[in-house]
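Written out below as structure tokens is the structure these notes cover.
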Amino acid sequence: MESKLQIYNSLTRKKEIFEPLNPPHVGMYVCGPTVYGDAHLGHARPAITFDVVFRYLQHLGYKVRYVRNITDVGHLENDADEGEDKITKKARVEQLEPMEIVKYFTDRYHENMDQLNVLHPSIEPTASGHIIEQIEMVKSIMEHGYAYEKDGSVYFDVDKYNKEYHYGKLSGRKLEDLYQYTRELSGQKEKRNSFDFALWKKADPKHIMHWPSPWSEGFPGWHLECSVMSSKYLGEKFDIHGGGMDLLFPHHECEIAQSNAATGHDPAKYWMHNNLITVNGQKMGKSLKNFITLNEFFSGEHESLNRAYSPMTIRFFILQAHYRSTLDFSNDALTAAEKGMNKLLDTYHVIDEIKPSDHSSVDVKRYEKLCREAMDDDFNTPIVLAHLFDLSKTVNQVNDGKETLTAEDLKFVKDLLSTYLFDLLGIREEEDKATDTALLDGLVETILKIRQEAKKNKDYVTADYIRDELNKLNIIVKDTPDGAKWELGK
RNA sequence: GGUACCGUGGCCGAGUGGCUAGGCGGAGGUCUGCAAAACCUUAUACAGCGGUUCGAAUCCGCUCGGUACCUCCA
């Protein structure tokens with residue numbers, strides 16, 4: 001089937017028809033986390049955004065290789081001890097091996113991703129596992145004349161590169177402007193220009209993580225790992241490179257420069273960037289210390305949280321905004337997302353209780369096209385959800401006897417909800433709701449029969465007592481024309 | 001200073017020239033012993049000023065306000 005998928009390409013700043021380089025194969029690389037702390041809400045956004053991209057591309061029939069890295073070396077701390085990277089610093093503080101820290105937070109990250117129902121990437125390479133390849137790439141860039149060594153460190157020669165290529169093509173920055181502004185900052189003497197960036201850095205004695213190289217005992221520059229691992233697993237030229245908008249400059253700009261310097265061409269055809277999550281209009285981030293970790297959301301243990309929010313509520317909340325828009329966090333917004341999501345999940349189950357008619361009074365088939373068009377339009381998940389809410393309204397109207405649907409159409413609606421809500425948007429029902437055991441079922445039914453007797457005798461005191469007590473046990477009773485129904489509450 | 005971008009009703013959030021976005025919340029109603037759910041109806045909008053146009057939230061200009069990034073800071 002001909003794809004009409006359009007993707008907003010940060011490189012061209014417009015939506016483009018998605019045409020893979022080698023169909024039906026698609027290569028996608030996304031910058032993963034630096035594992036030196038628990039993942040916060042800001043980390044959930046790229047993970048979920050590109051999870052949906054991954055799911056939808058597969059849905060369209062593409063064979064996707066999705067690579068998401070784990071950064072476990074290299075990111076230097078600027079504000080604290082100079083020359084120490086984040087992993088190392090944490091290790092020294094806690095007297096642990098760096099790889100112990102890495103393992104701990106990598107496991108925690110994976111746990112969070114599973115909770116958010118984020119599919120595992122095809123390959124999850126680590127920077128520390130690709131030191132040799134990184135050294136090779138530095139050599140290649142040097143051989144092409146775009147890097148120079150100084151006192152055991154190797155720097156990328158941006159000025160020289162920019163004479164042959166265009167440094168700033170992704171971020172829209174001009175080298176002259178960078179030069180004017182950055183020259184006043186405390187530049188390092190080793191560099192020819194302040195905007196040159198490190199490819200290899202000589203380790204000073206207190207730096208624990210270091211590897212031998214032709215230039216020094218040291219460690220790779222932080223832009224290098226992504227260039228190396230993407231080309232190793234996806235080839236020198238692949239389809240999609242994704243990441244957070246805050247990585248656009250300098251990180252992704254430098255990746256483009258490194259690839260061009262080593263191979264003569266850009267690494268990725270489409271660059272996708274998810275926007276940031278804000279708190280009171282400000283970026284949620286480590287540096288601002290205004291972040292809330294995912295575990296804190298799940299437990300509710302944070303001063304900014306009124307209560308706990310389930311992983312699926314977080315996921316739904318993120319999907320209710322387009323990935324290229326900023327998304328403002330608040331308790332009200334999360335609660336609204338939770339209620340909306342439960343409404344859709346209820347609809348999914350209501351379908352089973354509807355008696356089919358011979359004739360459908362409404363056209364539900366059109367929703368498939370509408371949902372598909374929304375996804376094709378740069379993964380517009382809020383529009384998909386709006387259509388699903390419309391569909392939900394229709395189902396409820398049928399349930400109320402105001403409209404009718406045939407058995408075939410009812411199945412169609414159920415399948416459509418299943419496909420979009422569960423398979424593509426990755427929402428799943430909370431486990432405690434899914435595990436209604438037969439025992440619980442029987443007990444509650446029995447108690448409700450007693451309550452029904454009480455109601456028949458107009459003994460409302462007993463009836464309400466039963467309902468209130470069940471409520472306290474998180475069992476919500478609803479009286480309907482067909483008798484009392486119940487469900488486990490939030 | 002530079003670069004990218006944003007400003008939509010109580011809250012969140014779609015929408016790039018004319019057609020109800022949607023969710024949450026509010027108001028009224030149907031149903032109901034009461035409640036909940038569901039359904040129906042409904043209010044509240046496009047930062048300001050000017051321009052283009054038959055017609056602008058949507059294009060252009062200016063003003064005001066806000067955000068992110070600016071090289072080792074994810």
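A quick note: this is a predicted structure, and the numbers were derived from the prediction, not measured. Both backbone and side-chain heavy atoms feed into the values below; hydrogens, waters and symmetry mates do not. Residue numbers begin at 1 in each chain, while the letters A, B, ... track the order of the sequences.
In this structure, A:L327 reaches the sugar-phosphate backbone alone: every heavy-atom distance under 4.0 Å involves primed, P, OP1 or OP2 atoms, never a base. Nucleic acid contact for A:G244: none, since no nucleic acid atom lies under 4.0 Å from a heavy atom of the residue. At the heavy-atom level, A:A321 lies under 4.0 Å from the strands shown only through sugar-phosphate atoms. At the heavy-atom level, A:H322 lies under 4.0 Å from the strands shown only through sugar-phosphate atoms. Among the protein residues, A:T335 comes within range of no part of the nucleic acid, since none of its heavy atoms lies under 4.0 Å from any strand. Residue contacts for A:F197: at a heavy-atom cut-off of 4.0 Å it reaches a base atom on one of the strands shown.
Partner assigned to B:U42 is B:G26, using Watson-Crick or G-U wobble distances below 3.5 angstrom. A 3.5 Å limit on both hydrogen-bonding distances identifies B:C6 as the Watson-Crick or G-U partner of B:G65.
Distances shorter than 4.0 Å separate some side-chain N or O of A:N380 from OP1 or OP2 on B:G15.
Here, B:G17 and B:A57 have their P atoms 13 Å apart, quoted to the whole Å. Between B:G9 and B:G22, the two P atoms lie 16 Å apart (nearest whole Å). Atom name C1', nucleotides B:A43 and B:C5: the rounded distance is 33 Å, in whole Å. Comparing the C1' positions of B:G50 and B:C39 gives a spacing of 47 Å, expressed to the nearest Å. Remark: the separation of the P atoms in B:C62 and B:C19 is 28 Å, to the nearest Å. Taking atom C1' on both nucleotides, B:C11 is separated from B:C64 by 24 Å, rounded to a whole Å.
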Q.
For nucleotides 33-43 of chain B, give me one character per nucleotide, 5' to 3': B if any protein heavy atom sits under 4.0 Å from the base, S if the only such contacts are to the sugar-phosphate, - if neither.
A. BBBBSSSS---
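Between A:D159 and A:R192 there is no salt bridge, since no side-chain N of the basic residue sits under 4.0 Å from a carboxylate O of the acidic one. A salt bridge is defined here as a Lys NZ or Arg NE, NH1 or NH2 lying under 4.0 Å from an Asp or Glu carboxylate O, and A:D459 with A:K455 fails to meet this definition. Using a cutoff of 4.0 Å between basic side-chain nitrogens and carboxylate oxygens, A:K4 and A:D377 are not scored as salt-bridged.
A donor-acceptor pair under 3.5 Å is absent between the side-chain atoms of A:R68 and the main chain of A:E124, judged by distance alone. Between the side chain of A:E403 and the backbone N or O of A:V395, no donor-acceptor pair lies under 3.5 Å.
Stacking of A:K414 on the aromatic ring of A:Y348 is recorded, both the 6.0 Å distance cut-off and the 45° axial limit being met.
Residues meeting the salt bridge (charged side-chain N to carboxylate O under 4.0 Å, His left out) test with A:K402, sequence neighbours left out: A:D400.
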Tabulate atom names and distances for all N/O pairs under 3.5 angstrom spanning the protein and nucleotides 67-69 of chain B.
unit_1	atom_1	unit_2	atom_2	d
B:C69	OP1	A:K283	NZ	2.8
B:C69	O2'	A:R173	NH2	3.4
B:C69	O2'	A:F249	O	3.2
B:C69	O2	A:R173	NH2	2.2

